[in-house]
Amino acid sequence: MPSNLTLYNSLTRRKESFKPLVEGHVGLYVCGPTVYNPVHLGNCRTFVSFDIIYRYLMAKGYRVRYVRNITDVGHLTDDGEDRMSKGARLEQLEPMEVAQKFSNQFHDMMRTFNALPPSIEPRATGHIIEQIEMVREILKNGYAYEVNGSVYFDVEAYNNANDDRYGELSGRRIDELMAESRELKAQDEKRNPSDFAIWMRASDDHILRWDSPWGPGFPGWHLECSAMSTKYLGEQFDIHGGGNDLKFPHHENEIAQNVGACHHGGARYWLHTNMLLMNGKKMSKSDGNTITPEQLFSGESKHVSEGYSPMVIRFFMLQTHYRSTMDLSDEALQAAKKGYGRLMDAWQSLSELEAGGSAQNGTVGKELMAGLEAAYAEMDDDFNTPKAVARIFELVTRINALKGGQLSLDEVSADTLASFKERLGTLLFDVLGLRDEAAGAGAEQEALDKVMQIVLDLRQQARADKDWALSDKLRDALSAAGITVKDGKDGASWSI
RNA sequence: GGUUGGGUGGCCGAGUGGCUAGGCAAAGGUCUGCAAAACCUUGUACGGCGGUUCGAAUCCGCUCCCAACCUCCA
């Protein structure tokens with residue numbers, strides 16, 4: 001499998017050629033959501049980005065094991081309350097009911113955005129044993145200490161034994177961290193402020209609790225990812241992904257735990273997606289600078305002038321590289337909506353094109369195939385979807401010109417046309433994960449197609465009779481019903 | 001304060017030391033009964049100040065501004 005794939009590794013801060021540990025296979029771990037409240041759009045951006053990465057790796061022929069966890073324990077609020085318990089108290093539900101409810105909601109939203117499910121979706125609460133085992137290993141290796149039923153990772157000991165490794169991902173230095181530390185809960189139990197809990201003693205009123213060698217407690221927030229990535233992908237694996245805001249401390253601590261337990265840092269390539277902004281600021285659950293996907297779909301928000309469909313939003317995401325911040329604005333969404341429409345119209349037009357009968361390609365046929373290969377090549381460059389989309393739009397112009405007669409189909413051989421259709425479809429729908437929302441399915445759509453054909457035939461007759469009043473009346477009435485009629489060389493077409 | 005990454009034409013957003021991404025908007029044209037769509041053409045942008053270079057938006061230095069992380073977040 002020839003691969004020219006390069007990707008930007010956060011660990012080295014360089015683009016590197018991608019070489020999987022095992023030829024032909026890729027292990028991919030992505031930090032999933034903490035399911036204590038509804039997903040918001042920023043989450044969606046990250047998971048759509050990794051969905052495209054997952055899809056592209058598969059399209060290149062790799063067998064990918066994609067692990068994306070669900071965090072349902074250990075993630076505390078500022079007050080030290082577990083997020084699950086807090087959600088449960090507020091909604092008068094069992095903690096696991098909360099987790100289930102928002103997991104379901106999360107899955108629905110991923111489906112809405114046409115993001116494929118991962119190969120394995122492990123839950124933190126389902127891997128308590130593995131996490132306890134990992135704590136034991138870390139203790140055994142001398143990188144942690146127990147105080148009053150809690151176990152803390154000893155960053156200093158880790159650094160001394162591993163050549164000051166802590167901070168390798170985020171570029172942080174331990175002395176700076178210490179200088180900046182503040183009063184945190186259980187601070188007095190820690191030897192150093194930069195130490196972090198890998199197992200926490202449960203207070204009497206703490207609902208989520210498990211027995212452990214150190215008494216009843218629960219795992220620290222960062223531990224589940226270390227334990228589950230190790231379990232399903234091995235002590236060393238290929239790619240670890242997540243949002244930029246997880247780089248520190250979450251991912252940094254993950255590496256430390258992995259090294260602490262198995263002497264390996266886990267992933268060899270770290271990929272981080274950048275934040276979704278609104279009004280120039282990070283879209284964030286905690287400070288309310290947010291718009292829910294539902295609001296975006298319905299348009300019920302002061303931030304948008306109308307609703308935008310999931311595929312318009314996905315297309316909008318494609319136009320920004322995953323490592324760049326993406327600023328959401330109504331104007332940009334408007335542009336994306338039109339661009340997406342033009343792209344899908346062209347796809348429709350392409351499907352209706354028929355080869356001119358030439359056995360040989362002319363310039364146009366060669367340009368089509370070259371442009372398509374260029375688009376794929378852009379994906380090889382750190383999954384550069386904006387450039388790939390740019391190349392695709394150059395093809396859109398050609399497709400439209402073929403349809404409109406400005407370019408001749410005699411320049412495209414039948415073989416080329418067929419493989420072009422197939423390869424473009426793969427890129428658009430299998431790799432980029434778009435869906436043609438206008439193309440309905442089923443009996444209703446079929447009936448509508450037939451009805452529209454009748455109406456357009458009637459109008460065509462009126463036009464032939466130069467009965468402009470009638471033809472315009474039909475067009476206006478359809479327009480009022482939300483259907484746009486476009487007169488072309490070979491008759492009229494319509495779109496909703 | 002420290003760490004990381006940014007500031008690109010009306011808006012969004014890629015990008016390489018020289019061969020002017022792309023989308024949207026705008027202008028002109030072709031086509032059309034009209035309209036829409038489509039096609040063709042047009043904009044010569046790169047925070048500021050220096051420096052390196054034959055040549056820099058792209059490399060270096062300084063400076064201004066912005067964001068993220070350092071506390072829960074994708």
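Source: prediction; values computed, not measured. Chain identifiers are assigned alphabetically (A, B, ...) following the order of the sequence lines, protein sequences preceding nucleic acid strands; residue numbering begins at 1 within each chain.
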Where the side chain of [X] is defined as all heavy atoms beyond and including C-beta, which of [options] is the nearest nucleotide?
| X | options | value |
| --- | --- | --- |
| A/Pro386 | B/rC69, B/rG13, B/rA36 | B/rG13 |
| A/Ala401 | B/rC39, B/rA21, B/rA74 | B/rC39 |
| A/Arg463 | B/rG33, B/rC12, B/rA74 | B/rG33 |
| A/Lys387 | B/rC69, B/rG15, B/rG23 | B/rG15 |

[X] near the nucleic acid: base, sugar-phosphate alone, or nothing, with a heavy-atom cut-off under 4.0 Å?
| X | result |
| --- | --- |
| A/Asn384 | sugar-phosphate |
| A/Gly241 | nothing |
| A/Glu331 | sugar-phosphate |
| A/Leu333 | nothing |
| A/Val30 | nothing |
| A/Arg323 | nothing |
| A/His40 | base |
| A/Glu394 | sugar-phosphate |
| A/Ser479 | nothing |
| A/Gly405 | nothing |
| A/Gly404 | nothing |
| A/Gly42 | base |

In whole angstroms, how far is the [atom2] atom of [N] from the [atom1] atom of [X]?
| X | N | atom1 | atom2 | value |
| --- | --- | --- | --- | --- |
| A/Asp382 | B/rA14 | CG | C1' | 13 Å |
| A/Asp245 | B/rA68 | CG | P | 11 Å |
| A/His251 | B/rA68 | NE2 | P | 18 Å |
| A/Asp472 | B/rC34 | CG | P | 11 Å |
| A/Phe315 | B/rC12 | CZ | C1' | 11 Å |
| A/Met317 | B/rG13 | CE | P | 13 Å |
| A/Lys486 | B/rA37 | NZ | C1' | 6 Å |
| A/Arg475 | B/rA36 | CZ | P | 9 Å |

Closest nucleotide of RNA chain B for A/Arg398 versus for A/Thr320: which of these residues is on the 5' side?
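With A/Arg398 and A/Thr320 compared, the 5'-side residue is A/Thr320.
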Report the residue (A/Arg13 or A/Ala332) whose heavy-atom-nearest nucleotide on RNA chain B is the more 5′ of the two.
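This one resolves to A/Arg13.
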Mind checking the [atom1] distance from [N] to [M]? Whole angstroms is fine.
| N | M | atom1 | value |
| --- | --- | --- | --- |
| B/rG51 | B/rC19 | C1' | 26 Å |
| B/rA27 | B/rG43 | C1' | 10 Å |
| B/rA45 | B/rC40 | C1' | 23 Å |
| B/rU71 | B/rC65 | P | 25 Å |
| B/rG5 | B/rG22 | C1' | 23 Å |
| B/rA25 | B/rU42 | C1' | 14 Å |
| B/rG50 | B/rG15 | C1' | 25 Å |
| B/rG18 | B/rG23 | C1' | 27 Å |

Reported [atom1]-to-[atom2] distance for the pair [X] and [Y], which is rounded to 0.5 angstrom:
| X | Y | atom1 | atom2 | value |
| --- | --- | --- | --- | --- |
| A/Glu378 | A/Thr385 | CD | OG1 | 10.5 Å |
| A/Leu328 | A/Leu333 | CG | CG | 5.0 Å |
| A/Leu402 | A/Leu350 | CG | CG | 8.5 Å |
| A/His250 | A/Leu169 | NE2 | CG | 11.0 Å |
| A/Asn384 | A/Thr6 | CG | OG1 | 9.5 Å |

With a 3.5 angstrom cut-off on both distances, give the Watson-Crick or G-U wobble partner of [N], or none if there isn't one.
| N | answer |
| --- | --- |
| B/rU53 | none |
| B/rC46 | none |
| B/rC39 | B/rG29 |
| B/rU4 | B/rA67 |

For [N] and [X] - does any side-chain N or O of the residue sit under 4.0 Å from the phosphate oxygens OP1/OP2?
| X | N | result |
| --- | --- | --- |
| A/Ser324 | B/rA14 | yes |
| A/Lys281 | B/rA67 | yes |
| A/Lys338 | B/rA25 | yes |
| A/Arg391 | B/rA21 | no |
| A/Asn43 | B/rA74 | yes |

Option passing side chain to side chain contact (heavy atoms under 4.5 Å, CB included) with A/Tyr340 (candidates A/Phe315, A/Tyr308, A/Phe316):
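Testing A/Tyr340 for a side chain to side chain contact (heavy atoms under 4.5 Å, CB included) against A/Phe315, A/Tyr308, A/Phe316 leaves exactly one candidate, A/Phe315.
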Has the side chain of [X] got a donor or acceptor that lies under 3.5 Å from a partner of the other kind on the base of [N]?
| X | N | result |
| --- | --- | --- |
| A/Asn400 | B/rA37 | no |
| A/Asp327 | B/rG13 | no |
| A/Asp487 | B/rC34 | yes |

Answer yes when [X] and [Y] have at least one side-chain N-carboxylate O distance shorter than 4.0 Å, and no when they do not.
| X | Y | result |
| --- | --- | --- |
| A/Lys387 | A/Asp381 | no |
| A/Arg342 | A/Asp345 | no |
| A/Asp238 | A/Arg268 | yes |

Ring-ring centroid check A/Phe297 A/Phe113, cutoff 6.0 Å:
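Here the rings of A/Phe113 and A/Phe297 have centres that are less than 6.0 Å from each other.
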Please answer whether B/rG33 and A/Trp468 are stacked, defined here as ring centres separated by less than 5.5 Å and planes angled under 30°.
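Stacked: ring centres under 5.5 Å, planes under 30°.
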